[in-house]
Amino acid sequence: MGLFEPDTEIYRDRDVLREDYQPEKIVGRDTELRQYISALQPVINGDQPSNIFLYGKAGVGKTACTGYLLSELQSDAEQYNVNITLIRTNCEDLSTSYQVAIQLINELRLPSNQVTTGYSKRQVYKMLWEELESVGDTIIIVLDEVDHIDDDSILYQIPHARANGNLSEAKVGIIGISNDFKFRESLSSKVQSSLCEKELQFPAYEADELRDILRQRADVAFYDGVISEAVIAKCAAYGAKDAGDARQSLDLLMETGDIAVEKRTSELAESHVDEARESLEKSRVVEGVAGLTHQGQIVLYALLMLNEEGKTPTRARDVQPRYEMVCNRAAVDPLVPRRMRDHLGELAMLGIANRIERNKGESGGRYYEYSLDTSPKLLLQALQETVDVVGEIETTAQWFDGQT
DNA sequence: AATCCACAGGAAAGTATGGACA
DNA sequence: TGTCCATACTTTCCTGTGGATT
């Protein structure tokens, strides 16, 4: 036998399981689709589009439904001589209106004529209006994960551009998509009323809806007989468990498939699902740790040490000295407690750490207790894989080993 | 009911960094 | 080069909070 041999053929088309795959038919979102269609109705009439705000937890089909309906809309619009331009942007890495505006300009411009930061806000908006005007007609801007934008500015400016005389030809509608319903309340009331003209709420998927979705995709993705109902049910249960999240389920299904390929088996077993779960958990942690700042990693390491010593759950106050000690070893200036707490809070946000509120009233006050929510072994591994702290962590680790 | 603990977390200002432009 | 505009991260200062204690 040679070094190479072809993979066992289990995938007919693996890409069908990917997040960016656009299914031909949307499963389990009938009511939402109906509402969505009526919200988009003005577009086909050639009127000013309504601004639409979609919300619902991650992986409940907001993006998928949007993609599906907009491509339908675009092809239908041609029949009625309505000219539509679609711009889709994910705001995940865009934290300000300024960056969003630049992103939109670049979407409209040729690759040879892109803009970067450095211009004043005013200039950037001016460029944006010019680009939008030159496109003209109906323009629909999809802002996925709008809640990542920290200020209202662009969400106010675009809907009011006509009233403020910045646009005359272009009819612009915004579709905002958010995981976070609280985002809506955080908007100023004038933005709220314009951005949220039409609101659609996407509820979490039920377990049986998830099974239908997985089955639909699996039928295309895998050859017949490769995947059993039990495996589908298990993946669906994983997504349904806490969030009704189809993406989680699909990721798990794909990882399961990959593991089966690796093992050169011809069908997916339930044990593969368990392995896939571990593997996904690991990459979640590794990515989370890699995304931390240097200081965040040091805070995590301090918490990790305390955990190994059996001193967790612990409060920020008690993490501080340990954290300062690690900083000392690493020759890094320690942060002030207020800031250290922010980093602890961030670890909790990422699901790496866990925190519970305590309140002991007059003799103790209100505080959080932190503990690790992830396997320490995995965290240490992830910290060591992260290049920039490896040296420091090593020396501290050696020191730490010597202490116990 | 009033008090008070001890931190949570908001706000503003500061530091370091980097691109555009003249 | 220096100025202007922006961002990420931090420090400083502060008010808010929930429940045990009085």
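No experiment lies behind these values; they were computed from the predicted model shown. Labels below follow one simple rule: chain letters A, B, ... track the order of the sequence lines, proteins then strands, and each chain is numbered from 1.
In this structure, Arg358(A) fails the cation-pi test against Tyr367(A), since its NZ or CZ atom is not both closer than 6.0 Å to the six-membered ring centre and inside 45 degrees of the ring normal.
For the pair Val124(A) and Tyr98(A), the minimum side-chain heavy-atom distance is below 4.5 Å. Phe202(A) is listed as a side-chain neighbour of Cys65(A), based on a closest heavy-atom distance under 4.5 Å.
Between the side chain of Asp13(A) and the backbone N or O of Ala221(A), no donor-acceptor pair lies under 3.5 Å.
A perpendicular orientation is assigned to the rings of Tyr368(A) and Tyr370(A), their planes being inclined by more than 60° (bins at 30° and 60°).
Under 4.0 angstrom from either OP1 or OP2 of dT7(C) there lies at least one side-chain N or O belonging to Thr96(A). Between Tyr119(A) and the phosphate of dC21(B), there is a side-chain N or O to OP1/OP2 separation shorter than 4.0 Å. Phosphate proximity of dT10(C) to Arg339(A): present, with a side-chain N or O under 4.0 Å from OP1 or OP2. Residue Arg317(A) places at least one side-chain N or O closer than 4.0 Å to OP1 or OP2 of dC7(B). Of the side-chain N and O atoms in His343(A), none sit less than 4.0 angstrom from OP1 or OP2 of dC9(C).
Near-neighbour residues of DNA chain C inside residues 121-130 of chain A, defined by a heavy atom below 4.0 Å, number-ordered: Lys121(A).
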Task: Base-contact (B) and sugar-phosphate-only (S) positions in nucleotides 16-22 of chain C, heavy-atom cut-off under 4.0 Å, - elsewhere - done: BBBBBBS
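Arg315(A) comes within contact range of the sugar-phosphate backbone alone, with a heavy-atom separation under 4.0 Å but no base atom that close.
Under the ring pair (Phe, Tyr, Trp, His ring centres under 6.0 Å) criterion, Phe222(A) pairs with Tyr11(A), not counting sequence neighbours.
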